[in-house]
Enquirer: 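Next up is a structure, given as structure tokens.
A quick note: this is a predicted structure, and the numbers were derived from the prediction, not measured.
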Amino acid sequence: MAAQSKPYYVYVLLRPDGRPFYVGKGCGGRKNDHEAEARRACDCHKCRVIRKVWRSGKQITKSIVYSTHREVDAYRVEADLIASIGLQLLTNVLPGEQGFMVGRIVS
């Protein structure tokens, strides 16, 4: 019997030189959605970076850096990784953990 894979993960999109430009949390094929978005001519910074890499004849690297069964843990790792790299060096719009905060009541 094969081990059950962990459904949530944190991933990094990297330029060909290894510099990260996006950190995300996902499940399933989420890490691949950004290239599909770039193909649809989205004009966000992340998609512009992806298309620039493609124009150079290279590909982006997608690296899963953490996986878990607990979505809350994935959100926290995502936020910590964004903070450690620095939002100013990434194309992320938000500092992470946003999905975790949705619907949460803060006292």
Side-chain angles (χ1 to χ4, degrees):
M1 181 176 194
Q4 182 180 5
S5 65
K6 296 178 180 177
Y8 302 104
Y9 57 85
V10 176
Y11 60 97
V12 180
L13 302 182
L14 304 150
R15 292 174 172 88
D17 65 5
R19 288 181 299 140
F21 68 91
Y22 185 82
V23 174
K25 171 257 165 204
C27 60
R30 173 66 180 135
K31 69 184 181 304
N32 301 314
D33 291 347
H34 306 287
E35 288 182 295
E37 185 180 21
R39 284 185 193 95
R40 290 190 302 268
C42 172
D43 195 40
C44 72
H45 186 158
K46 173 191 64 192
C47 289
R48 289 192 308 268
V49 168
I50 292 169
R51 286 191 297 272
K52 183 177 180 180
V53 169
W54 290 343
R55 281 192 305 273
S56 75
K58 298 180 180 173
Q59 297 296 315
I60 64 165
T61 299
K62 296 167 266 191
S63 178
I64 294 176
V65 297
Y66 178 79
S67 60
T68 182
H69 289 289
R70 292 173 31 100
E71 187 173 26
V72 65
D73 293 341
Y75 278 122
R76 287 191 178 125
V77 169
E78 176 198 31
D80 289 347
L81 187 54
I82 290 170
S84 72
I85 293 170
L87 192 57
Q88 70 280 6
L89 298 176
L90 298 168
T91 61
N92 291 67
V93 176
L94 299 171
E97 211 170 352
Q98 299 306 310
F100 173 68
M101 298 302 289
V102 172
R104 188 169 169 204
I105 298 171
V106 179
S107 57

Enquirer: Looking at side-chain heavy atoms only, is the closest gap between R15 and I60 below 4.5 Å?
Expert: no
Enquirer: Do S63 and L14 come close enough that some side-chain heavy atom pair is under 4.5 Å?
Expert: yes
Enquirer: Answer yes or no for K62 and Y11: cation-pi contact, defined as NZ/CZ to six-membered ring centre under 6.0 Å and angle to ring axis within 45°.
Expert: no
Enquirer: Taking the six-membered ring for Trp, is the centroid-to-centroid distance between H34 and Y22 below 6.0 Å?
Expert: yes
Enquirer: Would you be so kind as to tabulate the donor-acceptor pairs closer than 3.5 Å made by side chains of residues 84-94, with sequence neighbours excluded?
Expert:
unit_1	atom_1	unit_2	atom_2	d
S84	OG	L81	O	2.9
T91	OG1	F21	O	2.7
N92	OD1	V23	N	3.0
N92	ND2	V23	O	2.6

Enquirer: Compare all side-chain heavy atoms of R30 with those of Y9 and state whether any distance is below 4.5 angstrom.
Expert: yes
Enquirer: How far apart are the closest heavy atoms of H69 and P7, and which atoms are they?
Expert: ND1-CD, 3.2 Å
Enquirer: E71 versus K25: any side-chain heavy-atom pair under 4.5 Å?
Expert: yes
Enquirer: Applying the 4.5 Å side-chain criterion to the ILVMFWY set and letting contacts propagate, would V12 and I64 be lumped into a single cluster?
Expert: no
Enquirer: Roughly how far, to the nearest 0.5 Å, is CD of E37 from SG of C44?
Expert: 5.0 Å
Enquirer: Can you name the nearest heavy-atom pair linking C47 to C42, along with the distance?
Expert: CB-O, 3.5 Å
Enquirer: Apply side-chain contact (heavy atoms from CB on, under 4.5 Å) to R76 and T68, showing your working.
Expert: CA-CA 11 Å; R76 287 191 178 125; T68 182; over 6 Å; no
Enquirer: Give the minimum heavy-atom separation between W54 and A38, together with the two atoms involved.
Expert: CH2-CB, 3.9 Å
Enquirer: Are the side chains of Y8 and R70 in touch, meaning some heavy atoms are under 4.5 Å apart?
Expert: no
Enquirer: Answer whether the closest heavy-atom distance between the side chains of I50 and Q59 falls below 4.5 Å.
Expert: no
Enquirer: Which residues pass the side chain to side chain donor-acceptor pair (under 3.5 Å) test with K31, sequence neighbours left out?
Expert: none
